Every structure is written in C-alpha cells, then in structure tokens.
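All ligand and atom numbering here is 1-based and tracks the order in the structure. Computed from heavy atoms alone, side chains included, the values below leave out hydrogens, waters and symmetry copies. Just so you know, these numbers come straight off a predicted model, no measurement behind them.
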Amino acid sequence: RPENSPGPFFVDHTCIDCDTCRWMAPATFASVGDMSAVVRQPQSAAERQAAMQALLSCPTFSIHVRERQPGELKAVQQSFPLPVPGCDSVFHTGFAAERSFGATAYFIRRPEGNLLVDVPRWTPLLAQRLQQLGGVRWVFLTHRDDVSDHAAWAAHFPACQRIIHAKEVNRRQGTDQCEVVLEGEGPWALPDGGGDVQLVFTPGHTAGCVSLLYRPDKALLTGDHLAWSHRMQRLTIFRAYNWHSVELQLASVAALRRLDFLHVLPGHGRRARFADAADRERQLEALL
Ligand code: SF4
C-alpha cells in the first residue's frame, strides 16, 4: 500500500482491517483508510519485536518485512504465547485465524489442565510451544464465530476435549463433534471440577454465547460479548455485528456486575483493565 511509511515493514492490500497489528504494535501500525498501514517503522528492538509478533499474528499474512536478522523469525515464534499484562496465567496465543476474522485466542495455564479459549489458526510451531507448557486439556469455544481450526487443535492433543454451548453447535463448522455441550443457562464449572474457572452464560451477540471467568487472575474472557473500544475509550458491544438480540446482550452485560473481575479479555476489540471494583462498575454503567 502506498500509505506505508518507507522502510522494511509494510502492509499489503489484502488486509481485512481486523485491528490485531494495531493493538499488538501500536507504535508501528495504524488505520489508514479502511486498512492498516505501517505509519512509522520500528525505532527500537522492542518495537521491532512487537511488529514481528504482529506479522506472525496477522490472519491474512498481509504484513511483510524486507530483511530479517538471522534467527529472528524463530526467536519471535518462540516468544508465543505472550503474557497478558497483569495476569499470571493467561496468555495471548497470537497466530490469529482469518476464519475467525482475526479473533484473539487465549491460553490459560492451570494445574488441573491447560485451557485454550477460542482457537488460533492451526500452527504446528505454536502447538509445540503449548506442548512445552503442558499441552491443552480443554478447548473452550465462546460462540460460533471464533471456532476456526478447533478440530485440528483438539486432534493434536489426545486428552483434549472441546466445550461449547448447545445453541452454538452446528455440523457445518464441525462443532457437533465437541465432546462437552453445555445446556441451559449455567453457570458451569469445567468438568475437571476446578473452582478456578466459571463459565458464564452471556447470550445476545449470538443465542448461546458463554464467557469464561478465570478467578485467580480476575480475568473475564468474553469472546465477542464485551470489549473496550479504542475509538470511544469505553466498554462497548458491537451492535453492528449482533446476530441475535442487542437487548439480550445488554442484559447479559448488566448481569456481569455480580462477578469479580478486573480484566476484560475479548476475542474482538481491545482489552480493558480496571483499577478496582468501583472502576469496573463505573465503566459498565457508562456502557449500560
Ligand atoms: S493484522 Fe493483518 S489483517 Fe489485521 S489489521 Fe493488521 S494487517 Fe490487517
């Protein structure tokens, strides 16, 4: 794209405007027109590392770099999954999938069995990294939009079971093969009985959306239910992408007030981090 700033990194015209590179490497990428562009070439090792991580995470392989240092790509691949700031056990997997429109997937490391929350694109190198961190016991799918390569991930880890709500199951996406199907309105624990995870019914974006509360890190993983808007600088729901009921989605957001969380970690949109419960309440109130 001619909008790119001159230099080694550039974005091509296949960008689908998913926002991933912009939040992963904001010093380098920004929105120009209806796509991303490199607005400033990386100026430091840290900025270059973030730009390379964004390059690997781009769902459409639209980011390129003209020259690489020896061993650089491998080192960046090995840096995934990336820690989520403020959380001890929650990581961002990177390697977003085009079929999920670049949705962010998360990896949670826990003694009872590690968890993927939604799935990145199938990437053997990432699978190897997750194996080194103890493998994947559960794949939790928040809803039908972000299921991507779930079957490949589940097949790779022999003990892995996928979890999804009954209202999100369909044959076309192969989610009728999920091993654990949630019925009703919960809340549910994981089948391993760990009290650290609570699955919270949050219908509205679709009929069977479920969010996941990871209590030790006070992190609420919301799929497409709730996110931070960078543009509006407040919490938001994506009304233009609501496939079921906006009213129900807002009611599900209101019901989150009874939960103890300080992070909102969405599939799409930006993360939110609250200073304390009062801050969370203020932000929820501003949306509602
Ligand atoms: S990550 Fe890729 S598809 Fe998404 S906005 Fe950036 S360049 Fe475009």
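Under the 30°/60° scheme for interplanar angles, the aromatic rings of Phe201 and His165 are found to lie parallel. Note on ring orientation: taking the six-membered ring where Trp is involved, the planes of Tyr241 and Phe238 are perpendicular (angle over 60°, cut-offs 30° and 60°). Classification of the His143-His205 ring pair by plane angle, with boundaries at 30° and 60°, yields perpendicular.
Atoms of the protein (N, O or S only) found under 2.8 Å from atom 2 (Fe) of ligand 1 are Cys58 SG.
Side-chain contact annotation: Asp217 with His263, donor-acceptor N/O pair under 3.5 Å absent.
With hydrogens and angles disregarded, a donor-acceptor distance shorter than 3.5 Å links the side chain of Arg109 to the backbone of Leu133.
If you number the atoms of ligand 1 from 1 as listed, the ones under 4.0 Å from a heavy atom of Asp19 come out as 4 (Fe), 5 (S).
Looking at Glu98 and Phe61, their side chains never come closer than 4.5 Å, going by heavy atoms from C-beta outward.
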